[in-house]
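Proteins get letters first, then strands, A, B, ... in listed order; numbering begins at 1 in each.
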Amino acid sequence: MAKKEEKMKKELVCPECGSKDIINDPTSGETICKKCGYVFTDNIIDLTQDWRAFDSEQMSRRARTGAPITYSKHDLGLTTEIGKGILELHKVAPSKRAQYYRMTKWHKRLIRSKDRNLSYALSELQRVVSYLGLSRVIHEKIAKYYNEAVNKGLVRGRSIEAVIAALTYAVCREMGNPRTLEEIIEACNVEKREVGRAYRYLARELKLRILPIPPESFVPRFCSMLGLSDKVQAKALEILKKVEKKGLSAGKGPTGVAAAAIYIASILVGERRTQREIADVLGITEVTIRNRLKEIASKLGIEKEIEEKEMKQS
DNA sequence: AAGACGAAAGTGGTTGA
DNA sequence: TCAACAACTTTCGTCTT
């Protein structure tokens, strides 16, 4: 053990200036050349735990690290600064001090200009996510894509809001928890045209796979928004399955198909909602529900069933 | 009065030349 | 780039309950 330590000390020679005057700063854990300020990057951080825990309480008490790194903070939750305290200054040779000050200044400027865009975007994203009540996973994923988009220079010429809106739309869709464009627009207050354009562009550039939205992915959320029971939900899904099998939903707006299925299900189960109510929640018109309703009912041969139930309930 | 129905005209987006 | 096109919306008059 003692031998090992000695060996390590012997090897420490500053590659920058050749000086052997190396100190170990206990507050930062860095190994620094006292002459020129060179910081050794090899083996300076021990990434393993230096403690053990035998239950979860000990685990949380002994853990000294912070939150995990995250894409939803502009610098992954880790901020680097060039120290400006007296302590740091003393570690730098007087002849290098002026240079050190300049470095500090430029470093700050660099971080600001590069990150201003990102940090603004991420706070906007935070707002949108909480407005729409999206999960942590989705939030992270959007942030990750945004990082990617910025790195590829895809945000140029588009408003930050539009990009956030488009990515939100894309990720919700990808995760099988789609929001309608209308909902997104309401949360982001960006023009529909803008969002659509940004969406198509980003989807192409980031190679997001765009699949048509299956109508059933709207059912659970909208059913609960309408205060309908699980029974209605199950019925609506059952109807949609048949509809898809017959290829009735091809080319039709998924919300319209979902709306009709929910409408039919609500009647069949006996928790009727008016067309108006459903149309409002799904963001479509009654006319569309009626059109889908007619198609579905006739093709599935359940017109009579619906009519009967309708009579009973009025 | 409220809901459902359907015709007709208008709108925004996709497609194919 | 443009026109054709299908899906969907808006609007409105009518019918039913």
What is the distance from CD1 of A:I289 to P of B:dA4, rounded to the nearest Å? 9 Å

Rounded to whole Å, how long is the line connecting atom CD1 of A:I296 with atom P of C:dA7? 14 Å

Within the structure shown, what part of the strands sits under 4.0 Å from A:R197 by heavy-atom distance: base, sugar-phosphate, or nothing? nothing

To the side chain of A:R272, which of B:dA4, C:dC8, B:dT14 is closest? B:dA4

Rounded to whole Å, how long is the line connecting atom CD of A:E277 with atom P of B:dA2? 13 Å

First encountered from the 5' end of DNA chain B, between A:V287 and A:T274: A:T274

Salt bridge or not between A:E191 and A:R197? Use side-chain N to carboxylate O under 4.0 Å. no

How would you label the contact of A:T285 with the nucleic acid (heavy atoms, under 4.0 Å): base, sugar-phosphate, or nothing? base

Nearest whole Å is fine: how far is B:dA4 C1' from A:Y263 OH? 7 Å

Pair A:E194 + A:R158: basic N to acidic O under 4.0 Å: no

OP1 or OP2 of B:dG13 under 4.0 Å from side-chain N/O of A:R200: no

Residue-phosphate contact under 4.0 Å: A:R290 side-chain N/O, B:dG3 OP1/OP2: no

Could you check whether A:E295 pairs with A:R292 (Lys NZ or Arg NE/NH1/NH2 to Asp/Glu carboxylate O, under 4.0 Å)? yes

Atom-to-atom span, CZ of A:R292 to C1' of B:dA4 - whole angstrom: 17 Å

Nucleotide B:dA4, atom C1' - distance to CD1 of A:I264 in whole Å: 15 Å

Ranking C:dA7, B:dA7, B:dC5 by distance to the side chain of A:K252, first place goes to C:dA7

Spacing of A:E303 atom CD relative to B:dC5 atom P, expressed in whole Å: 12 Å

When A:T168, A:V155, A:L125 are each screened for side chain to side chain contact (heavy atoms under 4.5 Å, CB included) with A:Y146, the one that passes is A:V155

Show the nearest heavy-atom pair for residues A:I164 and A:A121, with the distance to one decimal. CD1-O, 3.7 Å

Watson-Crick or G-U wobble partner of B:dA9, both distances under 3.5 Å: C:dT9

With a cut-off of less than 4.0 Å, is there a side-chain N or O of A:Q275 near OP1 or OP2 of B:dC5? yes

Once you apply a heavy-atom cut-off of 4.0 Å, does A:G196 come out as touching a base, just sugar-phosphate, or nothing? nothing

